[in-house]
Amino acid sequence: MSVADPNLAVDAIAAALDWGGAATHKVDWGVVELHLGTSLPGDYKEFMARFPSGMLRGVISFVNPAQSTRHLRSFQRDFDQALANVRSACAYDYDTYLPFPEPGGVIPFASDDTGGVFFWLPWTPDPDRWHVVYLSRHSPDAWTRTRRSMTTVMLELAKSQGRRNILGWNMARYERSFNPLTL
């Protein structure tokens, strides 16, 4: 499942989740990227223009860092914790990716309700070509790698009615919805 145009992918995700809302941004993306120390993919920014912080299907949790300075601080805490966990796995010689800011180090952007984390794998300098990888909370080396963009992975999760998704979970058990969260 691949959608080349990020706007179309975001529209398809919103339709699959019956979401008609939008996000308000109080922080410029340039400030967010400067704060995090990295550029971010355009499809992620498109997704965050439509979706505020919230839960996709009650499973995937997002904090929209451009929503407010409080959201940016919350995103940064989650970001730093996810990277610290990857750093620890590296220190204990698990078969894992390097953490950002190491060259090619994974960059976190979302989590699941069990403690697993979604990362970008910046295998190229162009953030719009980064792939998504997922680290299960069950093991520090239980990575699932895709060759798909963030919005393609989220569209797959939004529409999935079985186990064919990055999580490997039977998504038929979860309502197709998006629920905004307040911090």
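No experiment lies behind these values; they were computed from the predicted model shown.
Each of Thr146, Asp112, Thr144 was scored for a side-chain hydrogen bond (donor to acceptor under 3.5 Å, both in side chains) with Tyr134, with one residue passing: Asp112. Looking at Val106, Ile107, Val133, Leu157 one by one, the single match for side-chain contact (heavy atoms from CB on, under 4.5 Å) with Phe118 turns out to be Leu157.
For Phe47 and Phe62, the ring centers sit closer than 6.0 Å to each other. Ring centroids of Trp120 and His131 are separated by 6.0 Å or more, keeping the two rings apart.
Arg176 places no side-chain N or O within donor-acceptor distance of the main-chain N or O of Asp18, the cut-off being under 3.5 Å. The backbone N or O of Asp43 lies less than 3.5 Å from no partner atom in the side chain of Thr151, so there is not a single donor-acceptor pair. With hydrogens and angles ignored, the 3.5 Å screen pairs no side-chain donor or acceptor of Arg163 with any backbone N or O of Met171. Between the side chain of Asn7 and the main chain of Asp11, no donor-acceptor pair closer than 3.5 Å is present.
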field: Residues Arg50, Glu46; criterion side-chain contact (heavy atoms from CB on, under 4.5 Å); working and verdict
entry: CA-CA 7 Å; Arg50 174 70 69 84; Glu46 292 292 331; over 6 Å; no
- prompt: side-chain contact (heavy atoms from CB on, under 4.5 Å) between Met55 and Ile60: does it pass, once the steps are laid out?
  reply: CA-CA 5 Å; Met55 293 287 290; Ile60 310 304; over 6 Å; no
task: Could you walk me through whether Phe178 and Phe51 pass ring pair (Phe, Tyr, Trp, His ring centres under 6.0 Å), step by step?
output: CA-CA 8 Å; Phe178 178 80; Phe51 292 90; 4.8 Å; yes
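Here Glu33 pairs with Lys45 in a salt bridge; the nearest charged N to carboxylate O distance falls below 4.0 Å.
Of the N and O atoms on the side chains of His71 and Ser68, at least one donor lies less than 3.5 Å from an acceptor on the other residue. Inspection of the Trp143 and Thr96 side chains reveals an N or O donor paired with an N or O acceptor under 3.5 Å. For the residue pair His25 and Gln67, no side-chain donor N or O sits within less than 3.5 Å of a side-chain acceptor on the partner.
At most 12 heavy atoms of other shown residues, nucleotides or ligands fall within 6.0 angstrom of atom CZ in Arg164.
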